[in-house]
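No experiment lies behind these values; they were computed from the predicted model shown. All heavy atoms count here, side chains included; hydrogens, waters and symmetry mates do not.
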Amino acid sequence: MEKKPFNPAYRPPRPQGNGPRQPQRRPDRNNNAPNAINEYIRAREVRLVGDNVTPGIYTIQEARRIADELELDLVEISPTAEPPVCKVLDYQKYLYQQKKKAKEIKAKATKVVVKEIRFGPQTDDHDYNFKLKHAIGFLQEGAKVKAYVFFKGRSILFKEQGEVLLLRFANDLEDYGKVEQMPVLEGKRMIIMLSPKKK
């Protein structure tokens, strides 16, 4: 029997006929919705709640029919309950309200801003006062101030001088901010943290 040369592009033909079809899985929810709604709810029975409905346990068909009659959506709001809790409501309106609520919460969450102010161990008065003025502005805006003295090379010998400078700085700012962290040496930097006083 003669061997045929191997052809990498060859694919054997698929069997024809009425073989068993693989059942297609129905999605749990529509593509963009965070909740399962209407025909995407898979439970056989649901606990129905909502305005203009009699609360209770219904078959999924009855619950859908009630939602249809009210021209509203059947929305699964608690899928882990037994049976799942569904609410009859206008789903687009519900999503809009949820989005609006999330936006309001985000707006209320205050972002902590930290502004840094750098000193040398032998900062002169003019430079000090200039930086002090900036720090007052930052604290009044509600930002935290991280002030530090940077020690370059052998200037680490002046670390006591740096600590005195930072404590003077905190003292000059006592009407605007409170010390959150006393001067601490981290590598080549001595740092103090101040947070704004609540009005």
Between [X] and [Y] (side chain of the first, backbone of the second, donor and acceptor by atom type, cut-off under 3.5 Å), is there such a pair?
X: Y128; Y: F169; result: yes
X: D127; Y: T123; result: no
X: E62; Y: T59; result: yes
X: D73; Y: V75; result: no
X: K197; Y: E174; result: yes
X: R64; Y: N38; result: yes

- Chi angles and distances behind the side chain to side chain contact (heavy atoms under 4.5 Å, CB included) call for V53, L70: CA-CA 9 Å; V53 299; L70 293 166; 3.7 Å; yes
- Transitive ILVMFWY side-chain link L139 to M182, under 4.5 Å: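 Yes, because L139 and M182 connect within a single hydrophobic cluster, where side-chain heavy atoms sit under 4.5 Å apart.
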- Query: Are L167 and L185 connected, step by step, through hydrophobic side chains (Ile, Leu, Val, Met, Phe, Trp, Tyr) whose heavy atoms are closer than 4.5 Å?
  - Reply: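 Shared cluster, yes.
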- Does the side chain to side chain contact (heavy atoms under 4.5 Å, CB included) test come out yes or no for E76 and I37, once each step is laid out? CA-CA 6 Å; E76 192 177 53; I37 66 167; over 6 Å; no
Is the count of non-hydrogen atoms from other residues, nucleotides or ligands lying under 6.0 Å from [X] atom [atom1] greater than 12?
X: K131; atom1: NZ; answer: yes
X: D175; atom1: CG; answer: yes
X: Q61; atom1: CD; answer: yes

- Pi-cation contact, F150 with R189 (under 6.0 Å, within 45°):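 Pair R189/F150 does not count as cation-pi.
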- Item | Atom of F151, atom of G162 and distance for their closest heavy-atom approach |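 Heavy atoms of F151 and G162 come nearest at CZ-CA, 4.2 Å.
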- Return the minimal non-hydrogen interatomic distance between A135 and L173, and the atom names on each side.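 Heavy atoms only, the tightest pair is CB-CD1, 3.9 Å.
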Taking C-beta and beyond as the side chain, do [X] and [Y] meet within less than 4.5 Å on heavy atoms?
X: Q140; Y: P196; answer: no
X: E163; Y: M190; answer: yes
X: V85; Y: V49; answer: yes
X: I191; Y: K146; answer: yes

- Message: For I192 and Y148: C-alpha separation, side-chain torsions, deciding distance, then whether side chain to side chain contact (heavy atoms under 4.5 Å, CB included) applies.
- Response: CA-CA 6 Å; I192 194 168; Y148 64 92; over 6 Å; no
- Would you mind telling me which of P83, P84, S78 makes a side chain to side chain contact (heavy atoms under 4.5 Å, CB included) with R47?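 With R47 as partner, side chain to side chain contact (heavy atoms under 4.5 Å, CB included) holds for just one option, P83.
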- Quickly, which of T54, I57, L74 forms a side chain to side chain contact (heavy atoms under 4.5 Å, CB included) with L48? Name it, please.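 Only one option passes, and that is L74.
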What's the separation between atom [atom1] in [X] and atom [atom2] in [Y], rounded to the nearest 0.5 Å?
X: N171; Y: L166; atom1: CG; atom2: CG; value: 12.5 Å
X: I77; Y: C86; atom1: CD1; atom2: SG; value: 7.5 Å
X: E141; Y: I136; atom1: CD; atom2: CD1; value: 12.0 Å
X: R168; Y: L132; atom1: CZ; atom2: CG; value: 8.0 Å
X: K178; Y: L194; atom1: NZ; atom2: CG; value: 11.0 Å
X: K133; Y: F138; atom1: NZ; atom2: CZ; value: 12.5 Å

- Task: Determine, stepwise, if the pair K115 / K144 fulfils side chain to side chain contact (heavy atoms under 4.5 Å, CB included).
- Result: CA-CA 6 Å; K115 300 282 189 177; K144 287 187 177 187; over 6 Å; no
- Message: Is the distance from the ring center of F130 to that of H134 below 6.0 Å?
- Response: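 Centroid separation for F130 and H134: below 6.0 Å.
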- Query: Do the side-chain N and O atoms of N35 and Y91 include a donor-acceptor pair separated by under 3.5 angstrom?
  - Reply: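 Y91 and N35 do have a side-chain donor-acceptor pair below 3.5 Å.
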